[in-house]
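Everything on this sheet refers to the single structure shown next.
Reckoned from all heavy atoms, side chains included, excluding hydrogens, waters and symmetry mates. Each ligand, and each atom within it, is numbered from 1 in the order the structure gives.
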Amino acid sequence: MSIQKTFTQFMIEQQRALPNATGDLTLLLVDIANACKRISHTVSRGAMTGMLGSAGTENVQGETQKKLDIITNDIMVDALEWTGHLSGMVSEEVDDFIAIPEQYPKGKYLALFDPLDGSSNIDVNLTVGTIFSILSGTEGVDATLEDFLQTGAEQVCAGFVLYGPSTMMILTTGQGVNGFTLDQDVGEFVLTHPNMTIPEDTKEFSINMSNHRFWETPVQRYIDECMQGEEGPRGINFNMRWVASMVAEVYRILTRGGIFIYSQDTRDTSKSGKLRLMYEANPMGYIVEQAGGQCSTGRERILEIVPDSIHQRVPVILGSKNEVERVVSYHLD
Ligand code: P6P
């Protein structure tokens, strides 16, 4: 009987192929995977835990925090701060960056994460997930805020864990994208989706249509053309999907193609969109590009943006290469 390759085995084999790999990243990712297994268990218990609903507090984004936003953030911080692999962390749920307590060694990586993306779906039992991004820090030195302000192109690793009908981890370390499914009986992630790639074309778009009147003109033009179907300039009919959980949209795009758009909203030009650069757009952009797709604001490649704050927002257009290029071309017109 062939035993499926576990995540740990996969990482160790990748590590062996890299001459200067020390194993630190492998161990860090094993710790992240363990934290996400704990989150998977917690969110799967739903109402039985009394952890659904609002926490009655707001995050730095001014968004009402769910109890599980805070609980999952604590799971991530508790699982990672002691490991000696990190010199600092950033979380969507915490205003400032998270320093490593002085009693623990400072490692050579920085971790940035959205502990429970799509949490507005948690009370209605829809797919949510954890998104993480790993940057290089300075071993033995406490991180400063500036250390986190690196471009997405400088990421060492990016991934997300999907808490859906099955719990899956999608990961890139710069050598393609691989998907792992949690074997609940054994408690191990096993390799089930090697070398995931995004088809260059698609007939499926993901956008929250209720904001149509507030989108930038190029996005309105693109979606209006899709909606005109085969009688319109595109000459084909399109389908639409919107789960309101980025992890679910991106995973679907990785499996069958598609384009996901969260446009700049003309109501409040002080906010450059809804999604956060450092722990949503950058990690997802790295994964999408490694799978052969593209990720843009419409005006520039997401991974080339030089951040000016750890919670800054950006417009996001990502997915099948040829469709993202079309939307970008409309921004240039
Ligand atoms: P809306 C979840 O809150 C999130 O950050 C993404 O996961 C998701 O794609 C988007 O916001 C949903 O936004 O405005 O449709 O609720």
Side chains of residues 95-107: which donor-acceptor pairs under 3.5 Å do they make with residues two or more places apart or in other chains?
residue : atom : partner : partner atom : Å
K106    : NZ   : P101    : O            : 3.4
K106    : NZ   : Y104    : O            : 2.7

F260/W242 aromatic ring centres below 6.0 Å:
yes
Near ligand 1, at a heavy-atom separation below 4.0 Å: residues by chain and residue number:
D117, G118, N208, W242, A244, S245, M246, F260, Y262, K274, L275, R276, E280
E230 with K203: basic N within carboxylate O range, under 4.0 Å:
no
Between F238 and F205, what is the ring plane arrangement, given parallel below 30°, perpendicular above 60°, and tilted in between?
tilted
For Y279, which residues count as a ring pair (Phe, Tyr, Trp, His ring centres under 6.0 Å) partner, sequence neighbours excluded?
H311
Under 3.5 Å, which donor-acceptor pairs do the side chains of residues 154-170 form with other protein atoms, sequence neighbours left out?
residue : atom : partner : partner atom : Å
E154    : OE1  : T151    : N            : 2.8
E154    : OE1  : T151    : OG1          : 3.0
Q155    : OE1  : S133    : OG           : 2.7
Q155    : NE2  : G152    : O            : 2.9
Q155    : NE2  : N282    : O            : 3.0
Y163    : OH   : T130    : OG1          : 2.7
T167    : OG1  : S40     : OG           : 2.8

